[in-house]
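Here is the structure we will look at.
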Amino acid sequence: MFILFAALSLSLPAAAMSADLDGQWARGDGNARVKIEPCGQNICAVNTWIKPGTPKEKAGDRLVMTIKPEADGIYSGSAFDPQRDLSYNITVTVNGDKMTTKGCVVAGLLCKGIDWTRMQ
């Protein structure tokens with residue numbers, strides 16, 4: 001599941017680090033919307049809406065990410081998809097109301113990027 005991310009940082013509280021990530025986001029292909037917010041020590045992305053007929057995804061699915069800030073608006077680390085029991089390497093780039101997530105499996109050989117727009 002490549003919806004998005006959640007975060008854990010040993011040097012920053014999750015709530016402070018997630019400020020750029022928090023909120024409602026619409027996937028660029030129009031097939032999903034997610035809400036990103038702190039969940040315990042992590043940041044979770046939860047599907048709030050899935051376009052009917054979209055395979056392998058449903059509302060309520062969540063992605064839990066353990067990411068650290070790399071630079072202004074860039075986070076990297078790992079993400080866990082509990083619905084599928086899969087872990088990914090992930091990079092999240094936030095620039096204002098635009099976000100790009102890139103998830104990789106198989107030692108970084110298979111990657112997929114997704115563009116997002118913040119919903120007002």
Side-chain angles (χ1 to χ4, degrees):
M1 171 163 89
F2 290 104
I3 53 172
L4 245 269
F5 20 74
L8 170 65
S9 173
L10 298 176
S11 61
L12 294 172
M17 186 177 76
S18 70
D20 290 339
L21 303 173
D22 285 356
Q24 297 276 344
W25 295 87
R27 195 163 72 190
D29 64 7
N31 289 340
R33 295 181 190 143
V34 299
K35 182 176 184 179
I36 299 174
E37 63 186 354
C39 58
Q41 290 293 314
N42 298 308
I43 302 223
C44 291
V46 178
N47 286 348
T48 59
W49 178 85
I50 298 296
K51 183 177 180 179
T54 301
K56 300 181 182 180
E57 292 187 60
K58 66 182 186 307
D61 284 355
R62 81 184 159 119
L63 189 69
V64 180
M65 291 185 291
T66 303
I67 56 178
K68 294 181 182 179
E70 295 289 322
D72 190 30
I74 301 172
Y75 306 89
S76 65
S78 63
F80 177 65
D81 178 350
Q83 291 76 223
R84 292 163 190 83
D85 194 27
L86 294 173
S87 293
Y88 308 91
N89 291 325
I90 191 164
T91 301
V92 180
T93 305
V94 180
N95 186 359
D97 289 339
K98 302 291 182 188
M99 177 171 64
T100 300
T101 59
K102 182 179 178 184
C104 299
V105 294
V106 191
L109 297 176
L110 299 173
C111 299
K112 181 176 181 179
I114 297 175
D115 292 324
W116 301 83
T117 302
R118 189 183 305 271
M119 298 170 58
Q120 300 301 328

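Just so it is clear, the structure is predicted and the values come from calculations on it, not from any experiment. We number each residue from 1, following the sequence as shown.
- Side-chain contact check for Glu57 versus Asn31: every heavy-atom pair is 4.5 Å or farther apart.
- Asn95 contributes atom CG, which lies 9.0 Å from atom OG1 of Thr100 (distance to the nearest 0.5 angstrom).
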After noting the C-alpha distance and the side-chain angles of Thr117 and Lys98, does the key distance pass the side chain to side chain contact (heavy atoms under 4.5 Å, CB included) rule? CA-CA 5 Å; Thr117 302; Lys98 302 291 182 188; 3.3 Å; yes
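- Under the salt bridge (charged side-chain N to carboxylate O under 4.0 Å, His left out) criterion, Asp97 pairs with Arg118, sequence neighbours left out.
- When side chains are defined from C-beta on, Asn47 does not count as touching Arg33, because their heavy atoms never get closer than 4.5 Å.
- Atom OG1 of Thr101 is separated from atom OH of Tyr88 by 11.5 Å, given to the nearest 0.5 angstrom.
- Both Ile114 and Leu21 are members of a single hydrophobic cluster when ILVMFWY side chains are connected at heavy-atom separations under 4.5 Å.
- Hydrophobic clustering of Ile, Leu, Val, Met, Phe, Trp and Tyr side chains at less than 4.5 Å, counting indirect connections, unites Val105 with Leu86.
- Counting all heavy atoms, side chain and backbone alike, Glu37 lies closest to Asp22 at CA-OD1, 3.6 Å.
- Judged purely by distance below 3.5 Å, without hydrogens or angles, the side chains of Lys68 and Ser76 never pair a donor atom with an acceptor atom.
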Can you check side chain to side chain contact (heavy atoms under 4.5 Å, CB included) on Arg27 and Thr54, steps first, answer last? CA-CA 12 Å; Arg27 195 163 72 190; Thr54 301; 4.2 Å; yes
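- Val34 and Thr48 make their closest contact through N-OG1, 4.0 Å (heavy atoms, listed as atom of the first residue, atom of the second, distance).
- Using a 3.5 Å distance cut-off with no hydrogens or angles, the side chains of Asn89 and Ser78 do not pair a donor with an acceptor.
- Side-chain atoms of Gln83 come within 3.5 Å of backbone atoms of Arg62 as a donor-acceptor pair (strictly under, hydrogens ignored).
- Closest approach of Ile67 to Gly77, counting heavy atoms only: CG2-N, 3.7 Å.
- Cys111 and Lys102 get closest at one heavy-atom pair: CB-CE, 3.8 Å.
- Of all heavy-atom pairs spanning Val64 and Cys44, the tightest one is CG2-SG, 3.7 Å.
- Residue-environment remark: CG (Asp29) exceeds the threshold of 12 foreign heavy atoms within 6.0 Å.
- For Asp85, there are no salt bridge (charged side-chain N to carboxylate O under 4.0 Å, His left out) partners two or more places apart in sequence or in a different chain.
- Here Ser87 pairs with Phe80 under the side chain to side chain contact (heavy atoms under 4.5 Å, CB included) rule; sequence neighbours left out.
- Residue Asp20 comes nearest to Gly73 through the heavy atom pair OD2-CA, 4.4 Å, listed as atom of the first residue, atom of the second, then distance.
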